[in-house]
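Just so you know, these numbers come straight off a predicted model, no measurement behind them.
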Amino acid sequence: MITQKMITLVNEQIKAEYESAYIYLSMSAYFQESNLKGMAHWMKKQAQEEVEHAEKFMEYLYDRGARVELLEIAKPAKDFDGPLAVFKEALKHEQYVTARINKMMDLAKEEKDYASQSLLTWYVDEQVEEEANADEIVKKLEFVGGSNSSIYLLDKELAQR
Ligand code: FEO
């Protein structure tokens, strides 16, 4: 049996996942405008993953016989200060999402809600990957230190995602 408290948190997380998609799409649009098509592609793929995360939570609520409630999503930032600032922001955002997932896991454990714990374990693992992906790009950008030729090469690499 899933509690109303957990249903509320899952619905709020569905919103957070769509908000993440929106943030990454805005970053993708920024990269498009900056003619960094590889980074734009990477961010678009990231946004698609976020929609999948939201849908997985929605399927879970359906399976538990609970109501999905779509909440209002916030307008994302439009302007950024270069690729390093964007990926640092993405990493910070993923750390925020991780904290939210951990809070949900705390509740699932407190409520002895084993089904939610099982689902959330998938998200805990996914967040390790999400943070690592963003962190790796931040480190590469810090390493090349704003050199145009290196950013050009990194952009080509990120187009492979
Ligand atoms: Fe759905 Fe990037 O966390």
Side-chain angles (χ1 to χ4, degrees), residues 1-32 36-80 83 85-141 157-161:
M1 164 78 186
I2 186 165
T3 63
Q4 188 52 51
K5 222 168 154 180
M6 181 58 81
I7 293 169
T8 300
L9 279 192
V10 175
N11 273 315
E12 285 171 1
Q13 191 56 29
I14 290 167
K15 164 195 152 102
E17 300 290 349
Y18 278 115
E19 251 168 16
S20 302
Y22 230 38
I23 288 167
Y24 294 134
L25 281 175
S26 186
M27 290 172 171
S28 181
Y30 166 77
F31 283 134
Q32 279 286 347
L36 290 164
K37 300 284 166 67
M39 292 184 188
H41 167 80
W42 193 96
M43 281 297 173
K44 190 176 156 195
K45 284 267 176 196
Q46 187 59 35
Q48 286 166 350
E49 268 200 19
E50 300 303 348
V51 171
E52 284 169 20
H53 295 168
E55 285 172 351
K56 192 174 172 75
F57 274 124
M58 286 166 86
E59 288 300 326
Y60 179 65
L61 286 188
Y62 295 144
D63 286 346
R64 306 298 289 163
R67 185 76 168 86
V68 166
E69 190 186 352
L70 295 176
L71 306 170
E72 193 173 5
I73 56 177
K75 182 179 176 187
K78 180 171 171 260
D79 295 309
F80 303 92
V86 174
F87 280 96
K88 271 188 173 173
E89 189 58 40
L91 174 60
K92 207 171 97 193
H93 183 73
E94 286 305 326
Q95 288 164 341
Y96 159 76
V97 173
T98 300
R100 295 186 62 102
I101 298 288
N102 289 346
K103 207 174 120 199
M104 293 172 80
M105 184 63 107
D106 286 343
L107 180 68
K109 283 185 187 277
E110 195 186 301
E111 292 183 335
K112 293 188 172 23
D113 176 351
Y114 301 113
S116 294
Q117 285 179 45
S118 176
L119 174 84
L120 289 165
T121 298
W122 184 90
Y123 284 92
V124 168
D125 294 342
E126 180 70 7
Q127 282 310 118
V128 171
E129 202 187 308
E130 296 273 271
E131 284 190 35
N133 289 343
D135 188 50
E136 189 187 329
I137 300 168
V138 166
K139 288 206 168 85
K140 281 182 180 173
L141 284 163
E157 183 187 317
L158 296 181
Q160 305 308 313
R161 182 178 187 182

Query raised in the report: Rounded to the nearest 0.5 Å, what separation is found between the CE atom of Met105 and the CG atom of Leu9?
Result: 13.0 Å
Report task. Indicate yes or no: at least one non-hydrogen side-chain atom of Met43 is less than 4.5 angstrom from one of Val86. Result -> yes
Query raised in the report: Which heavy atom in Met39 sits nearest to a heavy atom in Leu158, and how many Å separate them?
Result: CG-CD1, 3.8 Å
Query raised in the report: How far apart are the C-alpha atoms of His93 and Leu91, what are their side-chain angles, what is the distance that settles it, and do they pass the side chain to side chain contact (heavy atoms under 4.5 Å, CB included) test?
Result: CA-CA 5 Å; His93 183 73; Leu91 174 60; over 6 Å; no
Query raised in the report: Do the side chain of Tyr123 and the main chain of His53 share a donor and acceptor less than 3.5 angstrom apart?
Result: yes
Query - Greater than 12 external heavy atoms within 6.0 Å of Lys15's NZ - result: yes
Query - Proximity of Tyr60 and Trp122 rings by center, below 6.0 Å - result: no
**Report entry** Geometric class of the Trp42/Phe87 ring pair [parallel <30°, tilted 30-60°, perpendicular >60°]
**Finding:** perpendicular
Report task. Could you tell me which non-hydrogen atom of Met6 sits nearest to which non-hydrogen atom of Met104, and how far apart they are? Result -> CE-O, 3.5 Å
Requested in this report: Would you check if the side chain of Ser26 reaches a backbone N or O of Tyr22 as a donor-acceptor pair within less than 3.5 Å?
Outcome: no
**Report entry** Side-chain donor/acceptor of Thr98 to backbone N/O of Glu94, under 3.5 Å
**Finding:** yes
Requested in this report: State whether the number of non-hydrogen atoms from other residues, nucleotides or ligands found under 6.0 Å of Phe80 atom CZ is greater than 12.
Outcome: yes
**Report entry** The single option from Val68, Leu119, Asn11 passing side chain to side chain contact (heavy atoms under 4.5 Å, CB included) against Phe57
**Finding:** Leu119
Query raised in the report: So, for Val138 and Lys88, which heavy atoms are closest and what is the spacing to 0.1 Å?
Result: CG2-N, 3.7 Å
Requested in this report: Could I get the full list of side chain to side chain contact (heavy atoms under 4.5 Å, CB included) partners for Lys103, not counting sequence neighbours?
Outcome: none
Query raised in the report: Below 4.5 Å, heavy atoms only, C-beta onward: do Ile2 and Leu61 meet side chain to side chain?
Result: yes
Query raised in the report: Can you tell me how far the CD atom of Glu17 sits from the CD atom of Glu19, to the nearest 0.5 Å?
Result: 10.5 Å
Query - Non-hydrogen atoms of Ala159 and His41 that approach each other most closely - result: O-CD2, 3.4 Å
Query - Glu110 CD to Asp106 CG distance, which is reported to the nearest 0.5 Å - result: 8.0 Å
Requested in this report: Measure the spacing between CD of Gln13 and CG of Leu120 and express it to the nearest 0.5 Å.
Outcome: 8.5 Å
**Report entry** Option from Glu126, Gln95, Glu136 for which side chain to side chain contact (heavy atoms under 4.5 Å, CB included) with Glu131 holds
**Finding:** Gln95
Report summary line: Rounded to the nearest 0.5 Å, the CG atom of Leu107 sits from the CG atom of Asn102 at a distance of 13.0 Å
**Report entry** Approximate separation, where rounding is to 0.5 Å, of Glu130 CD and Ile101 CD1
**Finding:** 10.0 Å
Query - Side chains of Ile14 and Leu70 in contact at under 4.5 Å (non-hydrogen atoms) - result: yes
Requested in this report: Using the side chain to side chain contact (heavy atoms under 4.5 Å, CB included) rule, take Thr3 and Ile7 through it: C-alpha gap first, then chi angles, then the decisive distance, then the call.
Outcome: CA-CA 6 Å; Thr3 63; Ile7 293 169; over 6 Å; no
Report summary line: Tightest non-hydrogen contact, residues Ile23 and Pro76, listed as CA-CB, 3.8 Å
Query raised in the report: Looking only at heavy atoms, what is the nearest atom pair of Ser116 and Ala108, with distance?
Result: CB-CB, 4.0 Å
Query raised in the report: For Glu157, what residues pass the side-chain hydrogen bond (donor to acceptor under 3.5 Å, both in side chains) criterion, not counting sequence neighbours?
Result: Lys140
Query - Qualifying salt bridge (Lys or Arg N to Asp or Glu O under 4.0 Å) pairs with a residue from residues 50-67, counting only residues at least two apart or across chains - result: none
Query - Note, Gln32 side chain near Tyr30 side chain (heavy atom, < 4.5 Å) - result: no
Requested in this report: Measure from the side-chain N and O atoms of Ser20 to the backbone N and O of Ala16, and report whether any donor-acceptor pair falls under 3.5 Å.
Outcome: yes
Report task. Would you check if Arg100 and Glu12 make a side-chain contact, meaning some heavy-atom pair closer than 4.5 Å? Result -> yes
